[in-house]
Amino acid sequence: MEKSFDVVVIGGGPAGYVAAIRAAQLGFKTACVEEWKTDKGEGVLGGTCLNVGCIPSKALLESSENYERITHKFTEHGISVNGAKIDIAKMQGRKEKIVAQLTGGVAFLFRKNKIEWLKGHGKFVSGGDKYTIEVKEGVNASTVEAKHVIVATGSTARQLPGIEVDNKTICDNVGALAFDAVPAKLGVIGAGVVGLELGSVWRRLGSEVTILEALPAFLGAADDAVAKEAWKRFVTEQKLNIQLGVKIGKVATGKKGVTVEYESADGKQQKVDCDKLVVSVGRVPNTKDLGAEAVGLKIDARGFIEVDAQCRTNLPNVYAAGDVVRGPMLAHKGMDEGVMVAEVIAGQATRMNLDTIPWVIYTSPEIAWVGKTEQQLKKDGVAYRAGQFSFAHNGRALGLGETEGFVKILADTATDRVLGVHIVCSRASELIAEAVMAMEFDASAEDIARICHAHPSLSEVVHEAAMAVDKRALHG
Ligand code: NAI
C-alpha cells in the first residue's frame, strides 16, 4: 500500500523545508518531496536560496570584499600588503563548503524531526478526500497519499527570448556564482537585485562590469533618496557602468565570448563585448508539471498559485507558500509563510504581515528597507515627516571606515507612527531588524528616539534619524 502522510510538502527550499519542520513540530506525519541534485548527482535540500542563491552569493560577497579591502582599503589603517592575489578555485571551494554545511543541516533537521524526504519530482495525480502525489525520479515513479498538501515549488530565472542561457558563457544566477576565473569583461542584463549583487562581486575581483537595464529609472522600487545614493556609490565611485533605458537587441556568442547589441536611451545603436554575460531579469514561479490541472488548482495568468492571506489555495487542504505565490520573492518571506501554513493546518491562530517584509540588497554599501517609500506616501496622499541621518559622523562608522550612507525614517504627521525605514550602510541588513520590529509593534518615531542605543554603534544612526523626524537630532 502507498505511504500516507498528514502533510506532504512539495519543494524543499526555504518555504518548503520550514513548513515541513513546523508541521512535524506540531505532530503531523510529514514528508517533503524534493528533486534538486548537486553537480555530483546527489539529492540535496535547501532549494535556490541555499544552493544557488542567497547563501553562495553571500560567501562570494565576503571573499570579494576582503580582496577589495586588502587591495584598496587597508592602507589607511597603515596595513600594506604586496602582491595580494585571489585564488578563485579556493574561493569557490569555501563557498561550496558553506552550501554543503547548510544543506546538510536541513537534512539533519529532517531526520531530527522525523520528516521523510521523498527524492524526486512531485506532482498532483488526483484529489478528493485525500490527495495522491506522484514522486518521480528518472524512470522510477511512486505515489503517496496526503491529507494536506503544501506547494512550495519556488521559482526559476526568467529567460529572454533569443538569449540562450548555457551557464558557461551566458549565465543566470546558477552560472554566475560558479565562474572559475574572473571575467575581464562582464555584461549583465537587468540592474535588479541579482545584477547589482553579482555585478559588484565580480567588479571587486577585477571585472569591468556593464549592466544594461530596460527601465529608465534606477532601483525604481527603492526610496528615491536610496536610489540616488546607490547610483553615486555604484556608478560614480565604484565605476559599475550602468546603462538605463536600453533595448536589448541581438546577442551573439563567439569564440571569445559574447556580444550584446542594444539601443541606448538616446536611440543610438550600441554594442558591448564581454567574456561572460549574466541575465538577471527577474524570476518566474515553478508551476509547470505540477499536475495542477489534474486537481483543479487555480493558477493565475502569470503562473502564480492563487492564495488568500493565509496561503490557502482554491482547493480544500491545499496551501502554497514562497516564490510560487504573490508577494516578494524573498527567502524570509517564504519561511514565514511556511510556518504560518503549518500552523493554519493545526488550527492555530496565526498570521504574517506582507507590509513589514524587509528588503535587502547585498551590495557595498548594503541597501535595506521596510514599509513605504517617500514617493509611495506622496502618491497615496499621506501626510508624513521625514528624518534622515548620515553615517559620516558616527564614531563606529568612522572606526570601521564605513561612513557611506544614511538612515531615513518616514513617520505619519498626525500619529508619528513609523511608515517606512530606508537604510544605506555597510551593515544595513542587520540594522533593518530594529525597523521591522518597530513597525510590527506600531512604534512611533518618538518611541525609537526614546530607546537607548549602544554607543558607539551603527544603530545610533537609526536613533538620530528618529530624532531627526522631530528636527532634534543631536549630532548633526
Ligand atoms: P529583479 O526583479 O530584482 O530585477 C530584474 C531587473 O531586470 C529589473 O530592474 C528589470 O527592469 C530588468 N529587466 C527586465 N527585463 C529586461 C530586459 N529585457 N532588458 C533589460 N533589463 C530588463 O530580478 P533579479 O535581480 O533577477 O532577482 C530575482 C529575484 O530574486 C528578485 O525578485 C529578488 O527578490 C530575489 N533575490 C533577492 C535577493 C536579496 O534579497 N538580497 C538576492 C537575489 C535575488
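As a basis for the values below, the full set of heavy atoms in this structure was taken, side chains included, without hydrogen atoms, waters or symmetry mates. If you read the sequence from its start, that first residue is 1, and numbering goes on from there. Remember, it's 1-based here, ligands and their atoms both numbered in the order they're listed. Computed from a predicted structure; not experimentally measured.
Contact atoms of ligand 1 toward S280: 5 (C), 6 (C), 7 (O), 26 (O) (distance under 4.0 Å to a heavy atom of the residue). Of all the atoms in ligand 1, the ones that sit under 4.0 Å from a non-hydrogen atom of Y362 are 41 (N). Atoms of ligand 1 lying under 4.0 Å from any heavy atom of M329, numbered from 1 in the order shown and given with element: 32 (O), 33 (C), 34 (O), 35 (C). The distance from ligand 1 to the heavy atoms of L212 drops below 4.0 Å at these ligand atoms: 20 (C), 21 (N). With ligand atoms numbered from 1 in the order given, ligand 1 contributes 11 (O) to contacts under 4.0 Å with heavy atoms of L215.
Ranking protein heavy atoms by distance to atom 7 (O) of ligand 1, first place goes to G190 CA, 3.3 Å. Of all protein heavy atoms, the one closest to atom 4 (O) of ligand 1 is G192 CA, 3.2 Å. In terms of protein heavy atoms, atom 21 (N) of ligand 1 is closest to A214 N, 3.1 Å. Considering only non-hydrogen protein atoms, atom 39 (C) of ligand 1 sits nearest to V360 O, 3.3 Å.
Some N or O of R158 is nearer than 3.5 Å to an N or O of ligand 1, by distance alone. For ligand 1, the polar-atom distance check against G282 finds a nitrogen or oxygen pair separated by under 3.5 Å. Between V194 and ligand 1, at least one pair of N/O atoms sits closer than 3.5 Å. Annotation: A191 places no N or O atom under 3.5 Å from an N or O atom of ligand 1; distance criterion only. Among the atoms of V193, some N or O lies under 3.5 angstrom from an N or O of ligand 1.
Side-chain N or O atoms of K408 include none that pairs as donor or acceptor with a backbone N or O of D223 at under 3.5 Å. Judged by distance alone, with hydrogens and angles left aside, the side-chain atoms of T287 form a donor-acceptor pair with the main-chain N or O of G303 at under 3.5 Å. Using modelled atom types, no side-chain atom of H121 and backbone atom of L290 make a donor-acceptor pair closer than 3.5 Å.
Of all heavy-atom pairs between S200 and L240, the closest is OG-CD1, 4.1 Å.
Contacts between L330 and ligand 1, counted as non-hydrogen atom pairs separated by less than 4.0 Å, involve the side chain only. With a 4.0 Å cut-off on non-hydrogen atoms, V281 touches ligand 1 through its backbone as well as its side chain. Heavy atoms of V246 found under 4.0 angstrom from ligand 1: none, in either backbone or side chain. With a 4.0 Å cut-off on non-hydrogen atoms, I248 touches ligand 1 through its side chain and not its backbone.
Using a 4.5 Å cut-off on side-chain heavy atoms (C-beta onward), R326 and V307 make contact.
Between the side chains of D180 and Q92, no donor-acceptor pair is found at a separation under 3.5 Å. Defined by atom type and a distance below 3.5 Å, a donor-acceptor pair is present between the side-chain atoms of Y384 and E374. Between K379 and Q376, the side chains place no donor N or O within less than 3.5 Å of an acceptor N or O (distance only, hydrogens not considered).
Compare L160, I189, V278, T48 by their heavy atoms: the one nearest to atom 18 (N) of ligand 1 is in L160. Comparing E197, K333, E213, R283 by heavy-atom distance to atom 29 (C) of ligand 1, the nearest is R283.
Atom CD of E402 sits about 11.5 Å away from atom CG of N394, to the nearest 0.5 Å.
The aromatic rings of H148 and Y319 sit tilted relative to each other, their planes meeting at an angle between 30° and 60°. The aromatic rings of H463 and H453 sit parallel, their planes meeting at an angle under 30°, below the 60° perpendicular limit.
Qualifying ring pair (Phe, Tyr, Trp, His ring centres under 6.0 Å) partners for W202, counting only residues two or more places apart in sequence or in other chains: F179.
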